[in-house]
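Predicted model only: the values in this text are computed from it and were never measured. FYI, side chains are in, hydrogens and waters are out, and symmetry mates aren't considered; it's all heavy atoms of this structure.
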Amino acid sequence: LDRAPVEWQSRRQRTVETSASLSEFVALKHCIEDVEHLRFKLRMLGAPLSEEKPATHVFCDNNSVVLNSSKVDSSLNKKHSSGAYHFARWNVAANACTIAWIATGENLADAMTKRLSEVARDYLFGNWTY
């Protein structure tokens, strides 16, 4: 909210995927579910949500996932991951969220999940800490 992180989590996925893109789709599905829950809680607390821009911005550093979740003519070859794929596409089509690409060097989640140099870590934490 207001450019500040609200929730962050890291956990092992329950399924084994054969590619990074499919793994990212599963993570994207969990992220969108969390966004839906937070938006519902905000509405229940009476917080006004913008009517002209109702979509929540979700950032991903995997370009394949960004394109396949946003392009109308994309298709999925792996059927066991189709639930996550279609869930993400449905939410983008319903304007519940927008999926955008973010450079790895700008991705704050990398500071929580990867070993970074001191300069990179200070840069990432400096962008959102007060």
Side-chain angles (χ1 to χ4, degrees):
L1 291 173
D2 198 25
R3 295 184 47 100
V6 176
E7 181 178 338
W8 182 85
Q9 63 181 317
S10 176
R11 64 179 170 208
R12 188 169 50 181
Q13 292 181 353
R14 295 184 180 126
T15 59
V16 177
E17 303 298 335
T18 57
S19 71
S21 294
L22 295 178
S23 180
E24 290 276 346
F25 264 116
V26 172
L28 181 62
K29 176 185 172 279
H30 291 300
C31 176
I32 294 172
E33 288 173 345
D34 288 344
V35 165
E36 287 178 341
H37 292 217
L38 287 171
R39 289 174 65 93
F40 179 75
K41 287 178 187 177
L42 287 171
R43 281 195 301 270
M44 295 303 291
L45 292 171
L49 297 176
S50 176
E51 293 298 325
E52 51 281 342
K53 291 184 180 179
T56 300
H57 303 293
V58 177
F59 296 100
C60 179
D61 63 357
N62 189 318
N63 200 29
S64 174
V65 171
V66 173
L67 292 176
N68 284 323
S69 63
S70 304
K71 290 176 71 176
V72 177
D73 60 344
S74 71
S75 63
L76 181 70
N77 295 331
K78 307 284 185 182
K79 298 302 177 197
H80 68 277
S81 299
S82 64
Y85 171 78
H86 290 294
F87 183 79
R89 288 177 55 85
W90 181 84
N91 278 281
V92 169
N95 203 25
C97 66
T98 59
I99 314 298
W101 182 80
I102 187 170
T104 302
E106 301 288 326
N107 193 354
L108 183 59
D110 286 350
M112 309 287 192
T113 58
K114 297 177 183 171
R115 185 177 175 106
L116 299 174
S117 68
E118 184 178 356
V119 173
R121 189 178 61 246
D122 289 345
Y123 173 74
L124 288 173
F125 284 134
N127 283 341
W128 66 274
T129 53
Y130 297 102

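Note: the hydrophobic cluster containing Tyr123 also contains Leu116 (ILVMFWY, side chain heavy atoms under 4.5 Å, direct or indirect links). Residues Trp90 and Val92 are members of separate hydrophobic clusters, defined by side-chain heavy-atom contacts under 4.5 angstrom among Ile, Leu, Val, Met, Phe, Trp and Tyr.
The two residues Cys60 and Ile99 come nearest to each other via the heavy atoms CB-CG2, 4.5 Å. The two residues His57 and Thr98 come nearest to each other via the heavy atoms ND1-OG1, 2.8 Å. Closest of all the heavy-atom pairs between Asp61 and Lys114 is OD2-NZ, 4.5 Å. Closest approach of Phe59 and Ile102 over heavy atoms only: CB-CG2, 3.8 Å.
Note: Trp101 CH2 to Glu106 CD = 9.0 Å, rounded to the nearest 0.5 Å. Between the CD1 atom of Ile32 and the NE2 atom of His37 there is a distance of 11.5 Å, given to the nearest 0.5 Å. Atom OG of Ser69 and atom NE2 of His86 lie 12.5 Å apart (nearest 0.5 Å). Remark: Leu38 CG to Glu36 CD distance equals 10.5 Å, nearest 0.5 Å. Rounded to the nearest 0.5 Å, atoms CG (Asp34) and OG1 (Thr56) are 12.0 Å apart. Note that CG of Leu22 and CG of Leu28 are 12.0 Å apart. Values are rounded to the nearest 0.5 Å.
Checking each of Glu24, Lys29, His30 against Val26 for a side chain to side chain contact (heavy atoms under 4.5 Å, CB included) leaves exactly one that passes, namely His30.
With sequence neighbours excluded, no residue forms a side chain to side chain donor-acceptor pair (under 3.5 Å) with Asn62.
Using a distance-only test at 3.5 Å, with no hydrogens or angles considered, no donor-acceptor pair links the side chain of Arg39 to the main chain of Ala55.
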